Amino acid sequence: HGVQRHRRPDRAGKTGFQNPNVAAHWREDTLVGVLQSRDAHGFIDRNIALLLADEARLLRQVVHILRVACRAAIPRRLFGVDSVGEFFLPKGNGWIGAGQLMQVAIPLFTDADLLLIVGFLEDWVLLTKFGIQYPRGASSIAKVAWHWLPKIPWRCPVRDAEERLLRVILALPRAAEPTLTEKVEEALTDGRHGRSDGNLLKLIFNHFACDAVFRDLPDLGFRVAEHALDLNRSIAEVVADRSDFSSEAVNHAFGLGARFSMDDFPSSAFNGPYLRMLSHHPTRGVDFIIRLINRACEAFAHPNNHYEHIKPPGTVVLHLADGPHEQHANWSLWAAYRGMNVTPNTFESALMALEYWLLEKAKRGDPNLEAILLDLLRRTNSVAITAVVASIAAAKPSLAGEAAYALLTCPPLLKADLTRSSQEPFMTGQLGGFGIPQISAEKGLYDKERKESARLEHRNRNLEYVAVVLQMTAE
């Protein structure tokens, strides 16, 4: 009886959507009903031959109906998005069956189907939004994406098809192995790579594309980031790379000549992989950012790395429990985490991500916050990271503890932070963008993050405020 119960809907469904005497819209409605049923996956598994017949004509229809009719409207606020409206996510297990069958049907699809394939893969990956990192069929989806990636022509009629397929792959990194690691290693080792390889490295450095990579394949993600920032080269090598373009002089002055300024614009906690590093692998992420900032400041202060109109930093001394610590210092370095002066965008973004992560810990009242701040002060060679510590101290003086007291041992820092706090109102105005529309959704999110950061309550505070609070609360 159980077998018959499952087979009767199949026979009824086939009769409904195969009968040429039934109107086309009724045939399609029948298929919609089948795909919205609880047994949609079973229906697909039991009718593979039918779905693949006639060059997979019916499978194409199934894919189209899944994308149009089998979606759930989920309020955006449930995903932490502060706006009205809904996200339309895949609904029903028909997506699983269709995803697995798409791999089998690879030879039956042609270039004319590329728009349908890319759209389906993108929609299928949204299943991960339900909290399932690798839904059933993830490996099939990755194999389909890998198959079509090299077949995309230079002038593809499907907009951004290559990047969209790469984003699908990076959303399922373990399912895309070992090909993903092989492609990355090939691009990193050879130094010469095709268009898709270059885009792959760029996306692994992209906040919105690299989350699953840093979560599941951190060694790969950190290696790409190290390569992108030239951290695998010596300080002598990066200093020797001189720039003939004035627009790139700032990056070269900080030993970041491997970056193009427009690739990293605008600065934001969301621009680059830094926040993903800190979220998934905090200790390793902090180590990476300290290494990046220290190396950049070492290059900035290097006697053989001077550029016209770029003044090298001086030094200040911060007194900690283990003794005095000399740090490279000038206004550009102190203001870098706020983007108030001219420093490399990716340098600023790393500091912004560090501040964002530390502020989140402060909001939660993390008991380890003081130890982390003191560790940052001990290990940094510049006031760029020290300024981030000062920001956390201004936001939560009591949680900063000894780190806050240490900042007050250096009078030049109090003066620098007073200047910074006085310029905060102007920063808020400049972030308005003069009403110019954003050229991409991601850049719009970068600006939105900066505007929200500029409105934080502690922005107008400074180290003098910290000193007063600590005096009033001292035991």
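Bear in mind the structure is a predicted one, so any value in this text is a computation, not a measurement.
- Inter-residue side-chain proximity for D216 and Y134 is flagged as met; some heavy-atom pair is nearer than 4.5 Å.
- Side-chain atoms of E28 and I65, non-hydrogen and from C-beta on, do get closer than 4.5 Å to each other.
- Looking at every heavy atom in both residues, T343 comes nearest to F254 through CG2-CZ, 3.7 Å.
- Annotation: side chain of M352 is not in contact with side chain of N271 (no heavy-atom distance under 4.5 Å).
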Begin with the C-alpha distance, continue with both residues' side-chain angles, and end with the deciding distance and a verdict on side chain to side chain contact (heavy atoms under 4.5 Å, CB included) for V168 and R164.
CA-CA 6 Å; V168 168; R164 291 162 68 184; 5.9 Å; no
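- By the salt bridge (Lys or Arg N to Asp or Glu O under 4.0 Å) test, E457 pairs with R461, sequence neighbours left out.
- A donor-acceptor contact under 3.5 angstrom links the side chains of E442 and N206, judged on distance only.
- Tested against I293 for a side-chain contact (heavy atoms from CB on, under 4.5 Å), the candidates L354, V388, L351 yield a single pass: L351.
- A donor-acceptor pair under 3.5 Å links the side-chain atoms of S349 to the main chain of S268, judged by distance alone.
- What you find for I96 and P135 is that their closest heavy atoms are CD1-CB, 4.3 Å.
- Relative ring orientation between F288 and Y274 is described as tilted, the plane-to-plane angle lying within the 30° to 60° band.
- Remark: the backbone N or O of V34 is paired with a side-chain donor or acceptor of S37 at under 3.5 angstrom.
- Contact annotation: the side chain of L256 approaches that of L292 to within less than 4.5 Å [non-hydrogen atoms, C-beta and beyond].
- A side chain to side chain donor-acceptor pair (under 3.5 Å) with R259 is found for exactly one of D230, T346, D264, namely D264.
- Around the CZ atom of F260, the shell of radius 6.0 Å holds no more than 12 heavy atoms that belong to other residues, nucleotides or ligands.
- To the nearest 0.5 angstrom, R284 atom CZ is 5.0 Å from F222 atom CZ.
- Checking N345 against S267 by side-chain atom types alone, a donor-acceptor pair falls below 3.5 Å.
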Side chain to side chain contact (heavy atoms under 4.5 Å, CB included) between L200 and I204: does it pass, once the steps are laid out?
CA-CA 6 Å; L200 177 60; I204 294 177; 4.2 Å; yes
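- Closest heavy-atom contact between G94 and L66: O-CD1, 3.8 Å.
- Taking the centre of each ring, F120 and W95 come in below the 6.0 Å mark.
- Put simply, the side chain of R291 gets close to the backbone of L231: a donor and an acceptor are under 3.5 Å apart.
- Side-chain atoms of M102 and S140, non-hydrogen and from C-beta on, never get closer than 4.5 Å to each other.
- Side-chain atoms of W357 and P282, non-hydrogen and from C-beta on, do get closer than 4.5 Å to each other.
- Between the side chain of T189 and the backbone N or O of E186 there is no donor-acceptor pair closer than 3.5 Å.
- Judged by the 6.0 Å distance and 45° axis criteria, R60 is positioned over the aromatic ring of F109.
- Proximity of a side-chain donor or acceptor of R71 to a complementary backbone N or O of R67 within less than 3.5 Å is detected.
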Please walk me through it: do E360 and K363 pass salt bridge (Lys or Arg N to Asp or Glu O under 4.0 Å)?
CA-CA 5 Å; E360 289 298 309; K363 288 178 187 176; 3.2 Å; yes
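- Checked against the 6.0 Å centroid criterion, the rings of Y446 and F265 do not qualify as a close aromatic pair.
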Applying side chain to side chain contact (heavy atoms under 4.5 Å, CB included) to Q423 and R338, what does each step give before you reach the verdict?
CA-CA 10 Å; Q423 293 189 15; R338 296 295 297 128; over 6 Å; no
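- Within 6.0 Å of atom CZ in R159, 12 or fewer heavy atoms from other residues, nucleotides or ligands are found, so the atom counts as exposed in its surroundings.
- For the atom pair I74 CD1 and K91 NZ, the distance stands at 8.5 Å (nearest 0.5 Å).
- At a cut-off of 3.5 Å, with distance as the only test, no side-chain donor of E449 or S453 sits close to an acceptor on the other residue.
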Side chain to side chain contact (heavy atoms under 4.5 Å, CB included) between T386 and L376: does it pass, once the steps are laid out?
CA-CA 7 Å; T386 300; L376 289 170; over 6 Å; no
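- In this structure a side-chain-to-backbone donor-acceptor pair under 3.5 Å is missing from D375 to A371.
- Rounding to the nearest 0.5 Å gives a distance of 12.0 Å between CG of L59 and CG of D54.
- Taking the side chain as every heavy atom from C-beta outward, E248 and H252 approach each other to under 4.5 Å.
- What you find for A187 and L201 is that their closest heavy atoms are CB-CD1, 3.9 Å.
- Side chains of N460 and Y465: a donor-acceptor N/O pair is absent below 3.5 angstrom, by distance only.
- The CG atom of L172 sits 12.0 Å away from atom CD of E177, with the distance rounded to the nearest 0.5 Å.
- In this structure, CG in L278 is found 9.5 Å from NZ in K361, a value given to the nearest 0.5 Å.
- Look at D160 and R167 and you find no salt bridge, because none of the NZ, NE, NH1 or NH2 atoms lies under 4.0 Å from a carboxylate O.
- A side-chain donor from one of Q100 and H41 sits under 3.5 Å from a side-chain acceptor of the other.
- Contact annotation: the side chain of N199 never approaches that of E163 to less than 4.5 Å [non-hydrogen atoms, C-beta and beyond].
- In this structure, the ring of H280 has its center no less than 6.0 angstrom from the ring center of F214.
- Between S332 and N341, the side chains place a donor N or O and an acceptor N or O closer than 3.5 Å (distance only, hydrogens not considered).
- Ion pairing between E355 and R459 holds under the 4.0 Å rule for side-chain N and carboxylate O.
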Check the pair D447, K451 against salt bridge (Lys or Arg N to Asp or Glu O under 4.0 Å), reporting the backbone distance first and the verdict last.
CA-CA 6 Å; D447 281 353; K451 290 176 184 177; 5.9 Å; no
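- To the nearest 0.5 Å, atoms NE2 (H207) and CG (L275) are separated by 5.5 Å.
- In this structure, the side chain of W146 engages the main chain of A176 through a donor-acceptor pair within 3.5 Å.
- Minimum heavy-atom separation, A404 to V466: CB-CG1, 4.0 Å.
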